**Q** 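What follows is a single structure, and I will ask about it in a moment.
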There are 2 protein chains.
Amino acid sequence: MDQKGYRRGSFQSSTSDEDMLEIAGASLDFPMADDDPPLDREMGGFSSYNGGEMNGTSKMMDFLEEPLPGVGTYEDFNTIDWVREKSRDRDRHREITSRSKESTWALIHSVSDAFSGWLLMLFIGLLAGSLAGLIDISAHWMTDLKEGVCLAGFWFNHEHCCWKSNTTFTDRDKCPEWKSWSQLIIGHGEGAFAYILNYLMYVIWALLFSLLAVLLVKGFAPYACGSGIPEIKTILSGFIIRGYLGKWTLIIKTITLVLAVSSGLSLGKEGPLVHVACCCGNILCHLFTKYRKNEAKRREVLSAAAAAGVSVAFGAPIGGVLFSLEEVSYYFPLKTLWRSFFAALVAAFTLRSINPFGNSRLVLFYVEFHMPWHLLELVPFVLLGIFGGLWGAFFIRSNIAWCRRRKTTKLGKYPVLEVFVVTAITAILAFPNEYTRMSTSELISELFNDCGILDSSKLCEYVNDFNSTKGDDLPDRAAGPGVYTAMWQLALALVMKVFITIFTFGMKVPSGLFIPSMAVGAIAGRLLGVAMEQLAFYHHDWVIFSGWCSQGADCITPGLYAMVGAAACLGGVTRMTVSLVVIMFELTGGLEYIVPLMAAAMTSKWMADAIGREGIYDAHIRLNGYPFLEAKEEFSHKTLAMDVMRPRRNDPPLTVITQDSMTVEDVETIINETTYSGYPVVVSRESQRLVGFVLRRDLIISIENARKKQDGIVSTSIIYFTDHSPPLPPSFPSMLKLRSILDLSPFTVTDQTPMEIVVDIFRKLGLRQCLVTHNGKLLGIITKKDVLKHIAQLANQDPDSILFN
Amino acid sequence: MDQKGYRRGSFQSSTSDEDMLEIAGASLDFPMADDDPPLDREMGGFSSYNGGEMNGTSKMMDFLEEPLPGVGTYEDFNTIDWVREKSRDRDRHREITSRSKESTWALIHSVSDAFSGWLLMLFIGLLAGSLAGLIDISAHWMTDLKEGVCLAGFWFNHEHCCWKSNTTFTDRDKCPEWKSWSQLIIGHGEGAFAYILNYLMYVIWALLFSLLAVLLVKGFAPYACGSGIPEIKTILSGFIIRGYLGKWTLIIKTITLVLAVSSGLSLGKEGPLVHVACCCGNILCHLFTKYRKNEAKRREVLSAAAAAGVSVAFGAPIGGVLFSLEEVSYYFPLKTLWRSFFAALVAAFTLRSINPFGNSRLVLFYVEFHMPWHLLELVPFVLLGIFGGLWGAFFIRSNIAWCRRRKTTKLGKYPVLEVFVVTAITAILAFPNEYTRMSTSELISELFNDCGILDSSKLCEYVNDFNSTKGDDLPDRAAGPGVYTAMWQLALALVMKVFITIFTFGMKVPSGLFIPSMAVGAIAGRLLGVAMEQLAFYHHDWVIFSGWCSQGADCITPGLYAMVGAAACLGGVTRMTVSLVVIMFELTGGLEYIVPLMAAAMTSKWMADAIGREGIYDAHIRLNGYPFLEAKEEFSHKTLAMDVMRPRRNDPPLTVITQDSMTVEDVETIINETTYSGYPVVVSRESQRLVGFVLRRDLIISIENARKKQDGIVSTSIIYFTDHSPPLPPSFPSMLKLRSILDLSPFTVTDQTPMEIVVDIFRKLGLRQCLVTHNGKLLGIITKKDVLKHIAQLANQDPDSILFN
């Protein structure tokens, strides 16, 4: 099943050099080994479970004192064995603990080992926070570069430029130091020509940024594209994609993320920030042996890094931890929860001390509401939830259809052209509309904002009636012409965002989904909010408003509607629940607004689930054929292990290795003739009684090594997996003892075990394979891939879409 | 191993009525059944995994169409089988889903079934919130009753009484309507006699309340005592304690909780509130078949109820969910997370709408700080963490020692006397000191409070220098005499609380630990905070203060120190981490203060863990011998499954049942001669090849039932566990087919499996037992109790302390 195959050339040449000796039928019989006393349990005689360590009794000492390099490692695009990795870590921990009593140095080593996890979290937090700050500042500056440049210093963004300005100016963001491109080139900013010039510069910069981004991704780090969350989910579930979290991916993703966000494409930086944080985590793991060498421990660190990523993306440390727990992570012990929380906090505080937005908040769209909401408002909130669910389902379907088309047709061959076209369309459509021209974060920030008296934004152009104003509280007012214009522009922006995002997500540039989703929801929410507000203003005598929304009262907060809409749409796309509500809660002031957010998130999830069960990340995982065993879905079919196991009814019987009767050549033949990644070891072919399981990779490495380094190992040497081996007559070639690479505790289930239980075992224990027995006899094997194929088949999907082991 | 035994009398009498016929050695041999074709897999022929349902092929139909009442249920004080329960729920769900296509009614049933979980959460939230409100209000009133009574209506508490007052009065809480007992009895409140009278009344009321509480607990619901959290943890891990979450426990616990809190004992209502919420959850489960009949599903509900309990106890819905996740729950799927969150929110909003404290907050000690803290302050915060850790470790040791003494000596026989003595001592010591006389919640609230200008409390009696006051900001000031008095009183209160709590927790009244722990920490924190403040005031020229604490600046917030101290002590006692910080975060205004809280919580946990690994709840679980398999602790020993399994080396071999050669009598003999709760079924004694596992209880019920209801079942009838049974000659007694009660997919491990993996399997899958094989032959069995005994042994504890299965 290993599609990669093994370097057969080198392997076969090494066997053909030997003088081959046929031992027919492996008829050598050592009764003692066939049925060794099961209760032989001298306390010193533990045979180690994994290939990593040997501490057998001295008479049985194998030639493998140290583990061979390569034994116990994995090929690229393969699934790790969680049980084995965790066992190795426990062995390592035991060794350090037992040594720590010997010397002071060993004690210090033991203590530093215990604290290395915390140190690592600190580093991850610092690095992720700093990178997030860097990205925020650069993206802000480059976004503004599309519109103009600061004369006081080209490295200032618009806002910063106007802060630095000493001269007085009327409009908040029109300081003399900031020059739009038309002002710089033709000397003024008025008139059609200036407009066209600015338009042109906007489009050119956008194209420049996005092309640079796609070329960098294509040239240096192909893994840097997309949001990265589907792949991170898969990696955390125990898959290996070498280089996906490497230093090149980190560097290129950080740079291209800034470029992609600045180009004005309909994408966000939030998802990719999680990828960036995970890269940081993975790279920093190399500082500590504990994490460098153990795939399971490293995944614990990555879970925490993902939490830190969300923490800086949304300024929500608790939400980040819950996001990691709910959405990303697979194996999340409580220890990791606490450490994730620490990493998330450090990252948040690092970002806060960088203060990229100058508002001492971590995100642009932090908002504090003060007005309570009324129970009746739950109706529009639920409506927003329904909208969010519908949008989510629609988006996922269309995006997956488009991505599948990209994968299967010629379209996928021209990523640069694709990015060029989409950027050009986005930029051309975006510039004329104020709400699409500004960056999406700014748009969301403006939509969330509750209008104060002094707000100059068009969205706040209400007809002021200063007689009814009491203190800070603004009553509901009639909308002015500005608001009506804004409504139309927002409606157009909504339509544009909805469609362009479908084509944007999945291109060969870093692209996050959170921000575009939130933007769609926020626009819809604000539209509904303003509509409600006007309805309440003009019709406060209606029954539904009576009692809570009298004339001159401030009863509707359109900003809250925008926020609820954003939560609903984000929920519809990602199917997040608790983490979504907590992130949104951390963006707002108080507990008060959790209920509307929760109502919308629940409705949206139900609505979207009714149309299609998968969230966008799971859909992309399936599209890419990654072997991801979803922990959230219940397996609800009534099949049994024997329906899933290999070999099938009419297949040849299971390939097994016997424990003490096969020669090196026999085993090499099996390795060459099959592509399985492991073989069960049995007492004898007749009895089919299971002894253990040996991995193909370990077997190949060990045989190759023995042939090179051990005297007398030839093709006719018999391989022993038994604990005791018989004394051989001198005429026989020396034997090869391989018990150390044998997994003596393979997982087994009976053929009658319901698949729901098998799936549960695979999920909870993180297995790669499981053997199937019937009445004590070995019958077959179920691998993770078999399970995934079975699930796909029962869901009427193509089982061959699961590509990897 | 079942210490309770089975009603042997009735069982044996029913066998002795029969004419017994000896079939020596079970020599009947049916080769076909011995080795039935393993690959026989008609898709229609699934044999159901559990005893609950039968849909085998028609020719094989057993007499059990419907499950027998009792089959698949558990005895009291036994462990449930999570795998079986979850399978049953999935079967149920499958059936409802498949039926839903048949009729509209079935469809409605299916939809209502899907939403019943949410409805249940709503009910739990409403009920838990209401009960919490009721408890708060009653406890407040009864606490004040110890000091006096309201003339305007005896049902008003002190505060409420003074709100109702129409007359003007000078001191905030000295309105004419409120009469202290001396005022009421002798007409005035001044002088030594009045003081003594008040003192006396205080002590009498305290004794009255606490005696009433202990008598009610003793008489009606013995399970209502204590905090309940250790037992709830055990129940959630899959143990059955009938009545622990029943209606009597709920009623009595609610009443006695109010009494116990009002009596002024050093205990809190927070832990018991979790118990009350879980009772609500358990009782409301009876409304829905889905939850009533399934032990696993019910535990999901209880996890959510625990979250709701903490949510109302601390006004912290997110913290409540995390508490349930981190501290209480065992099996916590993501679906439960989302539902718990919902229940916690509903409960919080119910409580808020009741508004028991009149401050529209959920807890008395909600506080908002506004001053930032300085990095150097982390030093005192860490000191507080160390104090908290030390206190936690000290408290756990002393309390456990005292509780063990209570269990083992005559002391335990006089619970009423014990409560009487402790209450008397508490009341006598508490009255003279203002800070112990007030309720502990009020004390904490006062300690957390940041002194404003108008605060009249003694703790805020600073030397005012109004010249340096700017706006609302109060600079650090010199402490006045009131503060110094308060310091002394607080120090005395600290000593008293530290010691009296050790004797209080564990008495036969409802008693929570959170509040006393927090009080100890808050006092210590406030003392340190005031000391720091005065140090900074008088020595602001010291190097450590220069740069951030100049003269006239408000740089130290003693209230924050109190809060940090409270977190540290709570952390030391309970070893909570994330949930502790989040609960504290929800009690304060902003994200800003998470870092001090986290620093203190981390130090405290490390410190306490260094002295003793167990938190108070785990220590109490161990004290009571409950079978709780800790999910947080790593099993770090290098033992193998064969070191743990039964039978041991020199024991008689494992008791097994053969699949097709034992008579009813043989099986009954085995049942009578052993006390095991289940038996492996093997192909034959010689081969020892495992077929399945049958539970003692199911076997007894089925045989008893067959003897009563099925014709021709006599002692010589052969019991068949095979799928196919041979045609019997007419002279033979009819056979008893029991395949339906056979678990065909028992979990097995090899004897070489490291115990760390076995422990992991038990934890993650929630097993009751696991069979051990060697080279395909059945060797032995490991039960949860064996695992726990093994862990206890390796930790140098008495393995016989594990009492239950």
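Chain letters run A, B, ... following the sequence lines, proteins first and then strands; every chain starts at 1. Note that the structure is a prediction, hence the values are computed from the model and not measured. Note: hydrogens, waters and symmetry copies are ignored here, and every other heavy atom, side chains too, is used.
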**Q** Decide if atom NE2 of A/H637 counts as having more than 12 heavy atoms of other residues, nucleotides or ligands within a radius under 6.0 Å.
**A** yes
**Q** Top residue by heavy-atom pair count (under 4.5 Å) with chain A, among B/T773, B/I761, B/V749?
**A** B/I761
**Q** Would you call B/K86 and A/D760 a salt bridge, using N to O less than 4.0 angstrom?
**A** yes
**Q** Tell me, out of A/F635, A/W118, A/F349, who's got the most heavy-atom pairs with chain B below 4.5 Å.
**A** A/W118
**Q** Under a 4.5 Å heavy-atom cutoff, which of B/L778, B/V581, B/T748, B/L334 has the most pairs with chain A?
**A** B/L334
**Q** Could you check B/M598 against A/W338 for side-chain contact (heavy atoms from CB on, under 4.5 Å), going step by step and ending with a plain yes or no?
**A** CA-CA 10 Å; B/M598 193 157 188; A/W338 188 212; 3.6 Å; yes
**Q** Report the C-alpha distance between A/T577 and B/F341 in whole Å, list the side-chain angles of each, state the deciding distance to 0.1 Å, and finish with yes or no for side-chain contact (heavy atoms from CB on, under 4.5 Å).
**A** CA-CA 10 Å; A/T577 53; B/F341 193 49; over 6 Å; no
**Q** What part of A/F342 lies closer than 4.5 angstrom to a heavy atom of chain B: side chain, backbone, both or neither?
**A** both
**Q** Should A/I757 and B/V83 count as side-chain neighbours, where that means a heavy-atom distance under 4.5 Å?
**A** yes
**Q** side-chain contact (heavy atoms from CB on, under 4.5 Å) for B/I318 and A/V582? Distances and angles first, verdict last.
**A** CA-CA 8 Å; B/I318 303 173; A/V582 174; 4.0 Å; yes
**Q** Select one option (side chain, backbone, both, neither) describing which atoms of B/W82 are under 4.5 Å from chain A's heavy atoms.
**A** neither
**Q** Cut-off 3.5 Å, side chains only: do A/T750 and B/S745 have a donor facing an acceptor?
**A** no
**Q** Is it the backbone or the side chain of B/F115 that comes under 4.5 Å from a heavy atom of chain A, or both, or neither?
**A** side chain
**Q** Answer with side chain, backbone, both or neither: which region of A/E586 has an atom nearer than 4.5 Å to a non-hydrogen atom of chain B?
**A** side chain
**Q** Pick from B/K764, B/H93, B/R90: which one has the most heavy-atom pairs with chain A under 4.5 Å?
**A** B/R90
**Q** With salt bridge (charged side-chain N to carboxylate O under 4.0 Å, His left out) as the test, pick out the partner of B/E756 among A/R88, A/R94, A/R84.
**A** A/R94
**Q** Nearest 0.5 Å please: distance from the OG atom of A/S636 over to the CG atom of B/D91.
**A** 11.0 Å
**Q** Any chance you could lay out the side-chain contact (heavy atoms from CB on, under 4.5 Å) test for A/V578 and B/V321, step after step, and finish with the verdict?
**A** CA-CA 10 Å; A/V578 186; B/V321 174; 5.6 Å; no
**Q** I'd like to check B/I594 versus A/P317 (side-chain heavy atoms, cut-off strictly below 4.5 Å). Are they in contact?
**A** no
**Q** Which region of A/L337, side chain (C-beta onward) or backbone (N, CA, C, O), has a non-hydrogen atom less than 4.5 Å from a non-hydrogen atom of chain B, or is it both or neither?
**A** both
**Q** Salt bridge or not for B/K638 and A/E95, using N-O below 4.0 Å?
**A** no
